[in-house]
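First the structure, in the form of C-alpha cells, and then the observations on it.
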Amino acid sequence: MKFRPLHDRVLVKRIEQETKTASGIIIPDSAQEKPIQGEVISVGEGVRDEKGALRPLDVKPGDRIIFGKWSGTEVKIGAEDLLIMKESDIFGILTNAA
C-alpha cells in the first residue's frame, strides 16, 4: 500500500532507541521513553503562500529528523507503525558532520 501525505504533512518512521545503557544495563520497556528520532518516508508537495506560490518542504524522504515526544498522529500502514505530522512539528534534520 502506498501513502502520500498532503500539503505540509510528513510521514515518519520512528527510529528505536538503544535498549541498554553504555554500561550494559538493560532498560525495561516500561521505563523507555518514546523515540524522538525518525526517518522521513514521504512528504507532501508543500504549502501555498499568500500569493499562491507553492513552497516545497525543507525535509525529503530519507532525512533523519528530531521531533517532539508527543508530535504527530500514530497510524498503521500495512504492517508498519508510522507517524503523520506537520513539518512545523519537526525540530531539525540530523546530518553526519565530517
Side-chain angles (χ1 to χ4, degrees):
M1 180 182 313
K2 291 194 90 164
F3 177 84
R4 184 178 60 87
L6 298 177
H7 309 295
D8 65 338
R9 301 285 197 285
V10 179
L11 184 65
V12 176
K13 179 179 181 179
R14 286 187 193 268
I15 296 174
E16 296 300 323
Q17 303 294 321
E18 291 293 321
T19 57
K20 64 180 174 179
T21 65
S23 60
I25 298 172
I26 296 175
I27 303 168
D29 288 341
S30 60
Q32 290 181 14
E33 295 280 327
K34 280 187 169 186
I36 59 167
Q37 291 185 21
E39 179 184 352
V40 175
I41 303 299
S42 181
V43 298
E45 61 185 18
V47 292
R48 299 216 177 260
D49 62 15
E50 303 84 36
K51 297 177 183 174
L54 186 65
R55 185 190 66 81
L57 302 182
D58 292 326
V59 295
K60 61 187 180 310
D63 282 347
R64 190 173 176 144
I65 59 168
I66 294 180
F67 51 88
K69 187 187 297 188
W70 306 109
S71 297
T73 302
E74 295 180 357
V75 296
K76 189 171 192 107
I77 299 176
E80 285 191 290
D81 291 323
L82 302 170
L83 288 170
I84 299 173
M85 66 181 69
K86 287 184 159 238
E87 184 185 38
S88 60
D89 291 337
I90 297 171
F91 297 144
I93 301 170
L94 294 168
T95 58
N96 289 333

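None of these values were measured; they are calculated from a predicted model.
Here the closest heavy-atom approach between residue F67 and residue G38 is recorded as CE2-N, 3.6 Å.
Contact of the I65 side chain with the V40 side chain is registered, since non-hydrogen atoms from C-beta on lie closer than 4.5 Å. Contact annotation: the side chain of D8 approaches that of L57 to within less than 4.5 Å [non-hydrogen atoms, C-beta and beyond]. In this structure, the side chains of P5 and V10 stay at 4.5 Å or more apart for every pair of heavy atoms.
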Could you list the donor-acceptor pairs under 3.5 angstrom formed by side chains in residues 76-94, with sequence neighbours left out?
unit_1 : atom_1 : unit_2 : atom_2 : d
E80    : OE2    : K13    : NZ     : 3.3
E87    : OE1    : R55    : NH2    : 3.3
E87    : OE2    : D58    : N      : 2.6

Under 3.5 Å, side-chain donor or acceptor atoms of residues 46-54 against the rest of the protein: list the pairs with distances, not counting sequence neighbours.
unit_1 : atom_1 : unit_2 : atom_2 : d
R48    : NH1    : G52    : O      : 3.0
D49    : OD1    : K51    : N      : 3.0
D49    : OD1    : G52    : N      : 3.0
D49    : OD1    : A53    : N      : 2.9

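When the side-chain hydrogen bond (donor to acceptor under 3.5 Å, both in side chains) test is applied to D63, the partners found at least two apart in sequence or on another chain are K60.
Side-chain atoms of R14 and Q37 include no donor-acceptor pair closer than 3.5 Å.
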